[in-house]
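Right, one structure below, let's go through it.
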Amino acid sequence: MKHEIQTSLKVRKLHSVEDLENVRRLESLVWSFEDSVPVNQSVAVVKNGGFILGAYYQEKLIGFQYSFPGFDGKKVYLVSHSLGIHPDFRKFGIGEMLKRAQKNTAGEMGYDVITWTYDPLETVNGNLNLHKLGAVVRTYIPNIYGEMSDQLNAGIATDRFLVEWWIKLSKRKSVTWSDLHSAIDLKECEHGWFVDKVDLSLTHNHISVSVPGHFQEIKRANLSLALDWRKKTREVFSHYLNHGWIVTDLVKDKEHHGQYLYLMEKGEHYYGN
């Protein structure tokens, strides 16, 4: 089924009001009508440097990706605002296909880098963004959206990584396990692992930061443990990112079951120009 869908899938840029109305309907199905982008706004985006991609299977829109231009006072870049997949077509790799189409489209339009945010404790997103796509992170933003009441964010600060996906990023050097030095020590508990202590004194070129593989389960079972993970990882990531390290990958932790490791490397040669 997955191979059939991927080989039959067609991705194209959307321009017409009718196509953008279909995106709004799909977006309402994925999230809610209140959270969907008004068509008059999406029309303005596609006419002013942004674009919306649609993924079609058997002529049916089953996924979309929405991007608009950003400007920080010095450089124009592409902001990856949202990506949604029809509930019946998830886990078929469509999100990754849309992201790669986004990168190709951005390069054709002259963009150098694509940015977006995600919660560093959501490892499914981390695996796609860093491990599969090869994006990097240099910025940690605490509580960027304030308090949110949806299922994923309720009860905990909305901390985010700011992802940078460089269009012409050179291939990263591989890191061996012997190169890594851990910034977080773990101890086992009823709900998996908790942070015993953090180390903010590391000076090695390669360090790792442990995160749980099923954060939402921890949040449902033990909110105080989830809050502690947020607090401790915020402390570690903020420190090392502010001192020149870059998050370059996410891999499974071979020593602690159910855990993942963010790999951080020092040096600015890991992102584009």
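By convention here, the first residue in the shown sequence is residue 1.
- Hydrophobic clustering, with ILVMFWY side chains joined whenever heavy atoms are under 4.5 angstrom apart, keeps V124 apart from I94.
- Taken to the nearest 0.5 Å, the CG atom of N242 stands 8.5 Å off from the OG1 atom of T139.
- Across K103 and I114, no two heavy atoms sit closer than the pair CA-CD1, 3.9 Å.
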I would like to know whether I62 and I85 meet side-chain contact (heavy atoms from CB on, under 4.5 Å); could you show each step before the answer? CA-CA 6 Å; I62 62 169; I85 307 296; 5.7 Å; no

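- To the nearest 0.5 Å, atoms CG (L263) and NE2 (H131) are separated by 9.5 Å.
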Verdict with reasoning, D159 to I141, per side-chain contact (heavy atoms from CB on, under 4.5 Å): CA-CA 6 Å; D159 291 20; I141 310 173; over 6 Å; no

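- Side chains of R230 and L227 form no contact here, defined as non-hydrogen atoms less than 4.5 Å apart.
- Counting only heavy atoms from C-beta outward, the side chains of P212 and W229 approach each other to under 4.5 Å.
- When all heavy atoms of V198 and I184 are compared, the pair lying nearest together is CG1-CG1, 4.1 Å.
- Salt-bridge check for R160 with D119: passed, with a basic side-chain N closer than 4.0 Å to an acidic carboxylate O.
- Side chain of H204 to backbone of H206: no donor-acceptor contact under 3.5 angstrom is found.
- With a 4.5 Å cut-off on side-chain heavy atoms, L83 and Y66 do not count as touching.
- Two residues are said to be in side-chain contact when any heavy atoms from C-beta on lie closer than 4.5 Å; L53 and L14 fail this criterion.
- Each of V236, L261, V195 was compared with S210 under the side-chain contact (heavy atoms from CB on, under 4.5 Å) criterion, and only L261 meets it.
- Here the closest non-hydrogen pair linking A226 and I156 is O-CD1, 3.7 Å.
- Considering only heavy atoms from C-beta on, F92 stays 4.5 Å or farther from Y57 through its side chain.
- At a threshold of 4.5 Å between non-hydrogen side-chain atoms, the residues L128 and E96 count as touching.
- Between K232 and D185 there is no salt bridge, since none of the side-chain N atoms of the basic residue sits less than 4.0 Å from a carboxylate O of the acidic one.
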Please report the C-alpha distance between S8 and Q58 in whole Å, then the side-chain angles of each, then the deciding distance to 0.1 Å, and finally whether the side chain to side chain donor-acceptor pair (under 3.5 Å) criterion is met. CA-CA 7 Å; S8 302; Q58 297 180 348; over 6 Å; no

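- Here the side chains of H86 and V30 are not in contact, with every heavy-atom distance at 4.5 Å or above.
- For the atom pair OG of S67 and CH2 of W116, the computed distance is 9.5 Å after rounding to the nearest 0.5 Å.
- Minimum heavy-atom separation, S82 to F64: OG-CE1, 3.7 Å.
- For Y77 and Y111, the distance between ring centers is not under 6.0 angstrom.
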After noting the C-alpha distance and the side-chain angles of K266 and T203, does the key distance pass the side chain to side chain donor-acceptor pair (under 3.5 Å) rule? CA-CA 9 Å; K266 191 151 193 185; T203 59; over 6 Å; no

Between E265 and T248, is the side chain to side chain donor-acceptor pair (under 3.5 Å) condition met? List the steps. CA-CA 7 Å; E265 308 176 34; T248 59; 2.6 Å; yes

Stepwise side-chain contact (heavy atoms from CB on, under 4.5 Å) test for L186 and D196: CA-CA 5 Å; L186 300 176; D196 185 34; over 6 Å; no

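- The minimum heavy-atom distance between T158 and Y145, with the atom names listed, is OG1-N, 3.0 Å.
- For H214, the NE2 atom is loosely surrounded, since the number of other residues' heavy atoms within 6.0 Å does not exceed 12.
- D253 approaches H256 most closely through the heavy-atom pair OD2-ND1, 2.9 Å.
- Taking 4.5 Å as the limit, every side-chain heavy atom of Y260 sits out of range of all side-chain heavy atoms of V251.
- With sequence neighbours left out, F51 forms a ring pair (Phe, Tyr, Trp, His ring centres under 6.0 Å) with no residue at all.
- Judged purely by atom type and a 3.5 angstrom limit, H239 uses its side chain to pair as donor or acceptor with the backbone of L200.
- The backbone N or O of L133 lies less than 3.5 Å from a partner atom in the side chain of W165, making a donor-acceptor pair.
- A distance of 13.0 Å separates NZ of K13 from CG of D19, quoted to the nearest 0.5 Å.
- Here the CG atom belonging to L61 is positioned 11.0 Å from the CD atom belonging to E27, to the nearest 0.5 angstrom.
- Scanning for side chain to side chain contact (heavy atoms under 4.5 Å, CB included) contacts around V39 gives V17, L20, E21, R24, S42, V43, with sequence neighbours left out.
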Give the C-alpha distance, both sets of side-chain angles, the deciding distance and a yes or no for side-chain contact (heavy atoms from CB on, under 4.5 Å) between K132 and K99. CA-CA 10 Å; K132 292 183 177 180; K99 291 298 291 182; over 6 Å; no

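- Residues satisfying the side chain to side chain contact (heavy atoms under 4.5 Å, CB included) test with N125, not counting sequence neighbours, are Y118, E122, N129.
- Comment: E235 does not engage K231 in a salt bridge, judged by the lack of any side-chain N to carboxylate O separation of less than 4.0 angstrom.
- Not one N or O on the side chain of Q65 forms a donor-acceptor pair closer than 3.5 Å with the backbone of L98.
- Using modelled atom types, no side-chain atom of D228 and backbone atom of S224 make a donor-acceptor pair closer than 3.5 Å.
- Rounded to the nearest 0.5 angstrom, H257 NE2 and E188 CD are separated by 9.5 Å.
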